[in-house]
Amino acid sequence: MKHLLKLLDCSTEEIIGLLDLADQLKYEQKHNISHRHLEGKSLGMIFQKSSTRTRVSFETGMYQLGGQALFLSNRDLQIGRGEPVQDTARVLSRYLDGIMIRTYAQKEVEDLAEYGSIPIINGLTDFCHPCQVLADLMTIREKFAVLEGLKMCYIGDGNNMANSLIVGGLKTGMKVSIATPVDYRPDAEVMAFAEPNPNFFITDDPMKAAENADVVITDTWASMGQEAEKEVRMKAFQGYQVNDELLAAAKPGCMVQHCLPAYREQEITTKVFEEHASEIFEEAENRLHAQKAVMVTLMGSIEE
């Protein structure tokens, strides 16, 4: 495993290995056991989209692993003035031990990996959000002890979260049920991967998707960069709210996840959010542990 660009590139064994390591690193952090596997190493963090959880969790994670993280925004880099990404990749590869990038186009992440000589970690693109979904899978497995055979239901926009949840869920043996409006389906590449799998189901009926679900997941209806579409999206996603009525179709005591930020009374009711807040914020915390596992796997060695 040279990079984490998207979960489509990862094998089931690699995903489970990352989750196992994340569990170990979380245990060590909670019990004050030193795990400075990246002593003296540096991670460059390129942000072309704003962030709360991604920046804080990667920066804190590198510190806990003994390394340092450098925050690099468009204002800090010549890439913001039009320097080709391939030149940025080759320069940064001579200074750093890894790069995390949070940006719009998936091609920008792929180009960094093609031209750079150090590990590249996808912190989010419009296509996928692999680090978030590793944290989601980790949180689900903490509750149920397994992933294989569980039913994951996603309600809402067929966006980067939907894309990565479909891939991560199916690769770990979960049943994945998706409800999106017809005009907001997941990416064609992801659909081509998922549709032959008997564990995959997609519909425009949220209630049907939620039937007997162990886990119900949602995301904002208008992601960063889609603000101009907000009014249109508000109409398109009416009926795709995670609320008591929808959860009544799921299994009793089902888990609810949200990658945050959450817009209460839009994609999720305040009541449901607060009743499942402990699960949602455990999911947010697990970004830290899952990403530490990614960084250790790509940039270091737990044997060191």
| Check against side-chain hydrogen bond (donor to acceptor under 3.5 Å, both in side chains), Glu142 and Asn286 | CA-CA 10 Å; Glu142 283 178 335; Asn286 283 341; 3.1 Å; yes
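- Here Phe237 and Tyr184 bring their ring centres to under 6.0 angstrom of each other.
- With salt bridges taken as basic N to acidic carboxylate O contacts below 4.0 Å, none links Lys151 and Glu211.
- Test Leu124, Leu7, Asn163 against Pro130 for side chain to side chain contact (heavy atoms under 4.5 Å, CB included) and you get one pass: Leu7.
- Side chain of Thr103 to backbone of Gln48: no donor-acceptor contact under 3.5 angstrom is found.
- Of the N and O atoms on the side chains of Gln24 and Asp20, not one donor lies less than 3.5 Å from an acceptor on the other residue.
- Counting heavy atoms from C-beta outward, Lys2 and Ile120 have side chains that stay 4.5 Å or more apart.
- Counting only distance, with no hydrogens or angles, the side chain of Ser93 and the backbone of Ser117 share a donor-acceptor pair below 3.5 Å.
- By the criterion of side-chain heavy atoms lying less than 4.5 angstrom apart, applied directly or through intervening Ile, Leu, Val, Met, Phe, Trp or Tyr residues, Phe281 is not grouped with Ile140; the two fall into different hydrophobic clusters.
- Between His35 and Lys292, the side chains place a donor N or O and an acceptor N or O closer than 3.5 Å (distance only, hydrogens not considered).
- Side chain of Lys171 to backbone of Ser11: no donor-acceptor contact under 3.5 angstrom is found.
- Residues His3 and Ile121 form no side-chain contact, since every pair of their non-hydrogen atoms from C-beta on lies 4.5 Å or further apart.
- Looking only at side-chain heavy atoms (C-beta outward), Thr88 and Tyr115 stay at 4.5 Å or farther from each other.
- In this structure, Glu231 places its CD atom where only 12 or fewer heavy-atom neighbours from other residues, nucleotides or ligands lie under 6.0 Å away.
- Residue Glu148 places its CD atom among 12 or fewer non-hydrogen atoms of other residues, nucleotides or ligands, all under 6.0 Å distant.
- Here the side chains of Met152 and Ser177 are not in contact, with every heavy-atom distance at 4.5 Å or above.
- Taking 4.5 Å as the limit, every side-chain heavy atom of Gln291 sits out of range of all side-chain heavy atoms of Met100.
- Contact check on Arg141 versus Asp23 returns a salt bridge, with a Lys/Arg side-chain nitrogen under 4.0 Å from an Asp/Glu carboxylate oxygen.
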| query | Are Asn199 and Val176 close enough, and set up right, to give a side-chain contact (heavy atoms from CB on, under 4.5 Å), and what steps lead you there? | reply | CA-CA 6 Å; Asn199 283 332; Val176 179; over 6 Å; no
| field | Verdict with supporting geometry, Lys49 and Asp126, salt bridge (Lys or Arg N to Asp or Glu O under 4.0 Å) | value | CA-CA 10 Å; Lys49 282 188 172 185; Asp126 289 343; 2.7 Å; yes
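- The distance from the CG atom of Asn212 to the NZ atom of Lys175 is 9.0 Å, given to the nearest 0.5 Å.
- Leu77 has its side chain within reach of Ile46: a pair of non-hydrogen atoms, C-beta onward, lies under 4.5 Å apart.
- Shortest non-hydrogen contact noted between Gln68 and Ser42 is NE2-OG, 2.8 Å.
- Across Phe58 and Cys131, no two heavy atoms sit closer than the pair CZ-SG, 4.0 Å.
- Checking Asp187, Asp219, Thr180 one by one against Asn159, the side-chain hydrogen bond (donor to acceptor under 3.5 Å, both in side chains) holds for a single residue, Asp219.
- Considering every non-hydrogen atom in both Ile155 and Leu246, the closest pair reads CD1-CD1, 4.1 Å.
- With hydrogens and angles left out, the side-chain atoms of Glu265 and Thr270 include a donor and acceptor closer than 3.5 Å.
- Between the side chains of Gln241 and Asn243, at least one donor-acceptor pair of N or O atoms lies under 3.5 Å.
- Here the side chains of His37 and Leu25 are in contact, with some heavy-atom distance below 4.5 Å.
- When the options Leu165, Val216, Val215, Val242 are evaluated for a side chain to side chain contact (heavy atoms under 4.5 Å, CB included) with Gln257, the one that passes is Val215.
- Of all non-hydrogen atoms in Asp9 and Leu5, the two that sit nearest each other are OD2-CB, 3.9 Å.
- Within 6.0 Å of the CZ atom in Phe144, the count of heavy atoms belonging to other residues, nucleotides or ligands exceeds 12.
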| Does the pair Asp214 and Lys143 meet the rule for a salt bridge (Lys or Arg N to Asp or Glu O under 4.0 Å), with working shown? | CA-CA 10 Å; Asp214 297 286; Lys143 179 178 175 69; over 6 Å; no
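- Using a distance-only test at 3.5 Å, with no hydrogens or angles considered, no donor-acceptor pair links the side chain of Ser164 to the main chain of Val133.
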| said: Go through it in stages, so that I can follow the logic: the residues are Ile202 and Met191, the test is side-chain contact (heavy atoms from CB on, under 4.5 Å), and I'd like the CA-CA distance, side-chain angles, deciding distance and then a yes or no. | reply: CA-CA 10 Å; Ile202 190 163; Met191 291 296 289; 3.9 Å; yes
| request: May I have the step-by-step check of side-chain hydrogen bond (donor to acceptor under 3.5 Å, both in side chains) for Thr139 and Glu282, ending in yes or no? | output: CA-CA 7 Å; Thr139 312; Glu282 194 71 24; over 6 Å; no
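- In terms of heavy atoms, Leu4 sits closest to Leu298 at N-CD1, 3.8 Å.
- In this structure, a donor-acceptor pair under 3.5 Å is present between the side chains of Arg287 and Thr54.
- For the pair Lys230 and Trp221, the minimum side-chain heavy-atom distance is 4.5 Å or more.
- Note that the CZ atom of Phe127 and the CD atom of Glu110 stand 8.5 Å from one another [nearest 0.5 Å].
- Annotation for Phe71: atom CZ counts as buried by contact number, over 12 foreign heavy atoms lying within 6.0 Å.
- With no hydrogens or angles considered, a side-chain donor-acceptor pair links Asn122 and Gln106 at under 3.5 Å.
- Partner of His258 under the side-chain hydrogen bond (donor to acceptor under 3.5 Å, both in side chains) criterion, chosen from His276, Glu267, Glu283, Glu279: Glu267.
- Relative to the ring axis of Phe47, Arg102 does not place its NZ or CZ within 45° and under 6.0 Å from the centre.
- With values rounded to the nearest 0.5 angstrom, Glu108 atom CD is found 10.5 Å from Thr125 atom OG1.
- Summarising the geometry, atom CD belonging to Glu195 is positioned 9.5 Å from atom CD1 belonging to Ile166; distances are rounded to the nearest 0.5 Å.
- Without hydrogens or angle criteria, Ser57 side chain to Arg53 main chain gives a donor-acceptor distance under 3.5 Å.
- Separation of atoms NZ (Lys41) and CG (Asp97) is listed at 5.5 Å; rounding is to 0.5 Å.
- Contact record, Leu96 with Leu43: CD2-C, 4.4 Å, taken as the closest heavy-atom pair.
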| request: Verify side-chain contact (heavy atoms from CB on, under 4.5 Å) between Arg55 and Thr52, making sure each step is shown before the conclusion. | output: CA-CA 6 Å; Arg55 178 177 179 180; Thr52 299; over 6 Å; no
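- In this structure, Ile268 CD1 and Ile280 CD1 are separated by 4.5 Å, a value rounded to the nearest 0.5 Å.
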| field | side-chain contact (heavy atoms from CB on, under 4.5 Å) between Thr269 and Asp244, intermediate numbers included | value | CA-CA 8 Å; Thr269 62; Asp244 283 342; 5.5 Å; no
